[in-house]
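The structure under discussion appears below in the form of structure tokens.
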Amino acid sequence: MCGIIGILGQTAVNQSIYEGLTVLQHRGQDAAGIITSDANKVYLRKDNGLVRDVFRTHHMIGLKGNMGIGHVRYPTAGCDSAAEAQPFYVNSPHGLALAHNGNLTNAVELKEELFREDLRHINTESDSEILLNVLAHELHAVAGLSLSADDVFRAVSAVHRRCSGAYAVVVMIVGFGLLAFRDPYGIRPLGYGRRETDNGPEHIFASENVAMDVLGFNFINDVAPGEAIFIGLDGQATAKQCADNPRYAPCIFEYVYMARPDSILDGIAVHKTRLRMGEKLAAKVKREWNGLDIDVVIPIPDTSRTAALQMAYELNVKYREGFIKNRYIGRTFIMPGQAERKKSVRQKLNAIDLEFRGKNVLLVDDSIVRGTTSKQIIQMARDAGAKKVYFASAAPPVRYPNVYGIDMPTKSELIATNRNDEQIAEAIGADRLIYQDLKDLIESAHEGNTQINQFDASCFNGEYVTGEVSQDYLDKIERLRSDGAKIDKGGSELTSTELHTYSQ
């Protein structure tokens, strides 16, 4: 998962992009980058680390110009080198820089095509660099020294025809303007905003609208599935649908875990969705756990707080904060390596004993992935004196890998694989466990925007909305993505090319 931002302004944009990236930091804590353009020159700074660590004063001074894009990334496959950090840049045609959130499922095929047919060399193992080179080739094919919005849209249409998977993209075209587009299913989020200044309009694209709010931009709309929006240097915005058969199927895990609660993605308020998740899960508890003695509802911070609060209200049970979080530890399920994840849970959370001692506690989390974190937290509750520990997941069982940009573990490492609810409860040490039903999760999001009738819920149901993901592809990923495979490779994450070697 990544966070992307692009701004075309009337004055220097370096500070605004920096501030926008800090707002999107929850989407990626492994690496950060900014590239800007001043007339016909570009200025780039990127490295591993948090935004605040990657950019120092002398870096910011060097990022000149009134147009630029930025990127934050969490630890995904092939990302142990700073060279894999985004944005990526190519100097032809015109000079293109790209930041990408998502994952191409046919990356290896594309890489071979680029080498054999397009005569382009890929320098890293990132599918984002492949995407950039596909766009560069198609743009070169339709445009000469001059460049129009129609040229850009024709190139994006060609990208849609060639690329499979998920992609939300911002592109800086040096000397011409700013481009943003989404895959034909709109799997990953991307919004467009604008603000008026004394010198004229300024434009922004960002993964979540909260970045626009913080910077004082007015949200205009989400970039639609398959749509491209091009902002010329004159400030003129032009939009066009560039895909043949676009349809909304946004990733539902954005609403469960990834997005900030104050964001609105594709017209669906994340906070309200999580409230509805809590309400529906509480209704299931009443149906299936009738008469169960629950003294207190305690969330596992931070993402589950909203659902837990609504559950406590619906169940007429006390809501209490029982864990104190160290906010300087990364998000555990996306950390590379089981040993690091186990270590980080105890570093990240500490129990308040008086909220647990002698009580029957209902712990609420947004989801259960590997189960390692859940098991340790349940033990922490028992160590703090809880009589019984019940566990509720605001999402259904995660049974399948995500291939659209969330580096979830392989199927064999998911705790729900080949286990029923009772077996999972035993494995994590809970006295009782309840999961959200998938239909209730989907309905929680659908109620926020009734025009969206499909969501990518592949990690829950194994149905991949783009349709080209084969069992062979998943089997090969299973062997390449596992923690064991990473240890065999010296403890580092696998490269993107290794992950995509078996794309169709």
Side-chain angles (χ1 to χ4, degrees), residues 4 88 90 92-94 96-122 126-144 147-173 176-190 205 222-230 238-251 403-405 454 456 458 464-470 473 496-497 499-504:
I4 61 176
F88 286 112
V90 293
S92 176
H94 309 295
L96 299 176
L98 174 144
H100 164 220
N101 177 27
N103 181 60
L104 300 183
T105 55
N106 64 336
V108 165
E109 282 187 357
L110 288 171
K111 187 174 183 178
E112 292 175 355
E113 287 178 10
L114 287 166
F115 178 74
R116 297 181 183 278
E117 300 176 20
D118 301 348
L119 306 180
R120 284 185 169 268
H121 172 71
I122 304 301
S126 172
D127 62 336
S128 301
E129 190 190 9
I130 293 171
L131 180 58
L132 170 59
N133 276 271
V134 171
L135 175 64
H137 175 79
E138 299 300 337
L139 197 58
H140 179 77
V142 299
L147 187 68
S148 68
D150 286 339
D151 294 329
V152 173
F153 296 146
R154 283 197 295 272
V156 173
S157 294
V159 169
H160 288 326
R161 290 192 293 270
R162 295 182 66 177
C163 295
S164 299
Y167 46 95
V169 180
V170 289
V171 181
M172 181 179 72
I173 308 176
F176 288 94
L178 197 63
L179 167 68
F181 60 93
R182 285 173 86 182
D183 68 75
Y185 297 88
I187 297 172
R188 293 283 154 240
L190 187 61
F205 297 102
D222 295 284
V223 180
E227 183 183 37
I229 300 177
F230 178 69
T238 308
K240 185 175 182 179
Q241 177 55 249
C242 297
D244 292 334
N245 298 295
R247 58 187 171 93
Y248 257 116
C251 175
V403 301
Y404 296 132
Q454 182 181 13
D456 173 67
S458 53
Y464 297 95
V465 295
T466 58
E468 81 289 341
V469 179
S470 68
Y473 175 68
S496 178
T497 296
L499 283 177
H500 298 300
T501 296
Y502 301 97
S503 294
Q504 285 195 314

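Quantities reported herein were computed from a predicted structural model and do not represent experimental measurements. Along the sequence shown, residues are numbered consecutively beginning with 1.
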task: Report the distance from atom CG of L132 to atom CG of D127, rounding to the nearest 0.5 Å.
output: 11.5 Å
message: Set out, in order, the CA-CA distance, both residues' side-chain angles and the distance that settles side chain to side chain contact (heavy atoms under 4.5 Å, CB included) for R182 and E227, then state yes or no.
response: CA-CA 6 Å; R182 285 173 86 182; E227 183 183 37; over 6 Å; no
- request: Of all the heavy-atom pairs spanning G405 and N103, show the shortest one and how long it is.
  value: N-CB, 3.5 Å
task: Given side-chain hydrogen bond (donor to acceptor under 3.5 Å, both in side chains), test D456 with S458 step by step and report yes or no.
output: CA-CA 6 Å; D456 173 67; S458 53; 3.1 Å; yes
- request: Apply side chain to side chain contact (heavy atoms under 4.5 Å, CB included) to the pair I173 and F230, showing each step before the final yes or no.
  value: CA-CA 10 Å; I173 308 176; F230 178 69; 4.0 Å; yes
Side chain to side chain contact (heavy atoms under 4.5 Å, CB included) between L131 and L104, intermediate numbers included: CA-CA 8 Å; L131 180 58; L104 300 183; 3.9 Å; yes
- prompt: How far does CG of L114 sit from NE2 of H137, to the nearest 0.5 angstrom?
  reply: 8.0 Å
- prompt: Are there more than 12 heavy atoms of other residues, nucleotides or ligands under 6.0 Å from atom NE2 of H140?
  reply: no
- prompt: Are F181 and V159 side-chain neighbours, meaning at least one heavy-atom pair lies under 4.5 Å?
  reply: yes
message: If the condition is side chain to side chain donor-acceptor pair (under 3.5 Å), which residues does R154 pass it with, not counting sequence neighbours?
response: D151
query: What are the two closest non-hydrogen atoms of V169 and I4, and how far apart are they?
result: N-CD1, 3.9 Å
- prompt: How far does SG of C251 sit from OH of Y185, to the nearest 0.5 angstrom?
  reply: 15.0 Å
- request: Could you tell me whether the side chains of Y404 and T466 share a donor-acceptor contact shorter than 3.5 Å?
  value: yes
message: What's the separation between atom OG1 in T238 and atom CG in L179, rounded to the nearest 0.5 Å?
response: 11.0 Å
query: What closest approach, in Å, do A166 and D183 show between heavy atoms, and which atom pair accounts for it?
result: CA-OD2, 3.4 Å
Straight-line distance of Y167 OH to S128 OG, nearest 0.5 Å: 13.0 Å
- request: Measure across I229 and A239 and return the closest heavy-atom pair with its distance rounded to 0.1 Å.
  value: CG1-CB, 3.9 Å
- prompt: What is the minimum heavy-atom distance between S164 and N106, and which atoms define it?
  reply: N-OD1, 3.1 Å
query: Would you say L190 and D222 make side-chain contact, with heavy atoms under 4.5 Å?
result: no
message: Minimum heavy-atom separation for P189 and A168, please, with both atom names.
response: O-CB, 3.7 Å
- request: Can you measure from CZ (R120) to OG (S92) and round to the nearest 0.5 angstrom?
  value: 5.5 Å
task: Consider only side-chain N and O atoms of N101 and R188, and report whether a donor and an acceptor are under 3.5 Å apart.
output: no
F115 ring center within less than 6.0 Å of H121 ring center: no
Intermediate values then yes/no, side chain to side chain contact (heavy atoms under 4.5 Å, CB included), E113 and R162: CA-CA 10 Å; E113 287 178 10; R162 295 182 66 177; 3.1 Å; yes
message: Donor-acceptor pair, distance only, cut-off 3.5 Å: does the side chain of H94 make one with the backbone of F176?
response: no
